[in-house]
Participant: 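Following this message is one structure expressed as structure tokens.
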Amino acid sequence: MYGPLETDPPDSCLSPRSIMAEPDYTDDDNPELIRPQKLVNPVKSSRNHQDLHRELLLNQKRGLAPQNKPELQKVMEKRKRDQVIKQKEEEAQKKKSDLEIELLKRQQKLEQLELEKQKLQEEQENAPEFVKVKGNLRRTGQEVAQAQES
């Protein structure tokens, strides 16, 4: 029936293109026909999608393709990075000279004094009127006493 090497009938190896009919709009003889056009995909035409696609391609070229790591591994890597950064900061502080240390101490003292002054001003502003008047009387009384002594 078939040749010694053939196991399939000759019609089974026909490609789908040979089975399908050729469209009649490919003929250029009728210019009045409307030729079909591919529909525009709104997702691919959106600016956000194009930017994202461009960024993914650039990252893939650089070797920075998104990695699907488990969340635990991501957390552990973040902790390790934070720990390394903290160690570097500590080493940088250890390398500071004596002058830098003294300047930092003075700066901290000045900041504390400034905070205390602000607290005192806030307390005085929030104090009742009679307390303010009493303080003014006390000061004027001390000034008068000093003036009489001299």
Side-chain angles (χ1 to χ4, degrees), residues 8 12-150:
D8 293 334
S12 67
C13 61
L14 292 175
S15 66
R17 288 198 183 269
S18 63
I19 297 172
M20 290 177 33
E22 289 292 322
D24 52 356
Y25 57 81
T26 56
D27 300 333
D28 291 330
D29 55 351
N30 194 350
E32 295 177 9
L33 288 177
I34 299 173
R35 302 202 188 285
Q37 294 179 349
K38 235 182 181 180
L39 294 176
V40 178
N41 187 346
V43 173
K44 288 188 176 181
S45 65
S46 74
R47 188 76 181 149
N48 289 339
H49 183 273
Q50 291 174 356
D51 291 342
L52 180 63
H53 187 63
R54 188 178 309 115
E55 185 178 344
L56 286 172
L57 287 175
L58 288 173
N59 285 343
Q60 186 177 8
K61 286 180 184 176
R62 291 187 207 150
L64 303 173
Q67 301 166 348
N68 296 329
K69 295 182 181 177
E71 190 167 343
L72 178 63
Q73 188 176 1
K74 290 179 186 177
V75 169
M76 294 302 289
E77 287 177 357
K78 185 178 184 308
R79 281 187 185 175
K80 193 170 188 175
R81 279 194 308 268
D82 292 343
Q83 191 177 25
V84 168
I85 291 171
K86 189 175 180 181
Q87 285 177 352
K88 287 181 181 179
E89 288 176 356
E90 289 176 358
E91 290 174 5
Q93 284 183 352
K94 288 179 183 177
K95 292 179 182 178
K96 288 183 181 176
S97 66
D98 294 335
L99 177 64
E100 288 177 318
I101 294 171
E102 281 298 317
L103 289 174
L104 284 174
K105 286 180 183 177
R106 287 186 183 186
Q107 183 182 4
Q108 289 174 353
K109 286 180 184 178
L110 288 173
E111 288 175 357
Q112 287 177 352
L113 289 174
E114 191 174 316
L115 286 174
E116 289 174 3
K117 286 181 182 178
Q118 286 179 350
K119 286 180 184 177
L120 286 175
Q121 286 178 350
E122 289 175 4
E123 288 175 4
Q124 288 177 355
E125 290 174 0
N126 294 336
E129 188 68 28
F130 69 90
V131 174
K132 293 178 185 177
V133 172
K134 186 177 178 184
N136 287 341
L137 287 175
R138 208 178 272 156
R139 265 189 257 124
T140 54
Q142 290 174 353
E143 290 173 1
V144 170
Q146 289 177 353
Q148 289 177 352
E149 290 176 1
S150 51

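Everything numeric here is computed off the predicted structure, so don't read it as measured data.
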Participant: Hey, what do you get for CD (Gln87) to CD (Glu91), rounding to the nearest 0.5 Å?
Facilitator: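 If we round to the nearest 0.5 Å, Gln87:CD and Glu91:CD are 6.5 Å apart.
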Participant: May I ask you to test the Gln60-Leu57 pair for a side-chain heavy-atom distance under 4.5 Å?
Facilitator: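 With C-beta onward as the side chain, the pair touches.
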Participant: Test Asp82 against every option in Lys80, Arg79, Lys78 by the salt bridge (charged side-chain N to carboxylate O under 4.0 Å, His left out) rule and name the one that passes.
Facilitator: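 Option passing the salt bridge (charged side-chain N to carboxylate O under 4.0 Å, His left out) with Asp82: Lys78.
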Participant: Quick one: side chains of residues 42-51, donor-acceptor pairs under 3.5 Å with protein atoms, not counting sequence neighbours, listed by atom name and distance.
Facilitator:
{"residue": "Ser45", "atom": "OG", "partner": "Asn41", "partner atom": "O", "Å": "3.2"}
{"residue": "Ser45", "atom": "OG", "partner": "Pro42", "partner atom": "O", "Å": "3.2"}
{"residue": "Ser46", "atom": "OG", "partner": "Val43", "partner atom": "O", "Å": "2.9"}
{"residue": "Ser46", "atom": "OG", "partner": "His49", "partner atom": "N", "Å": "3.3"}
{"residue": "Asp51", "atom": "OD1", "partner": "Arg54", "partner atom": "NH1", "Å": "3.1"}

Participant: To the nearest 0.5 Å, what is the distance between CG on Asn136 and CZ on Arg138?
Facilitator: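 Reported to 0.5 Å precision, the distance equals 11.0 Å.
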Participant: Roughly how far, to the nearest 0.5 Å, is the CD atom of Gln121 from the CD atom of Glu123?
Facilitator: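 Going from CD on Glu123 over to CD on Gln121, the span is 11.0 Å.
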Participant: Would you tabulate the side-chain donor-acceptor contacts of residues 97-116 under 3.5 Å, counting partners in other chains and residues two or more places apart, or write 'none'?
Facilitator:
{"residue": "Ser97", "atom": "OG", "partner": "Glu100", "partner atom": "N", "Å": "3.4"}
{"residue": "Glu100", "atom": "OE1", "partner": "Ser97", "partner atom": "N", "Å": "3.1"}

Participant: Rounded to the nearest 0.5 Å, what's the gap from CG on Leu56 to NZ on Lys61? Could you check?
Facilitator: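 Output value for this atom pair is 12.5 Å.
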Participant: How many angstroms lie between atom CD of Glu122 and atom CD of Gln118, to the nearest 0.5 angstrom?
Facilitator: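 Going from the CD atom of Glu122 to the CD atom of Gln118 covers 6.5 Å.
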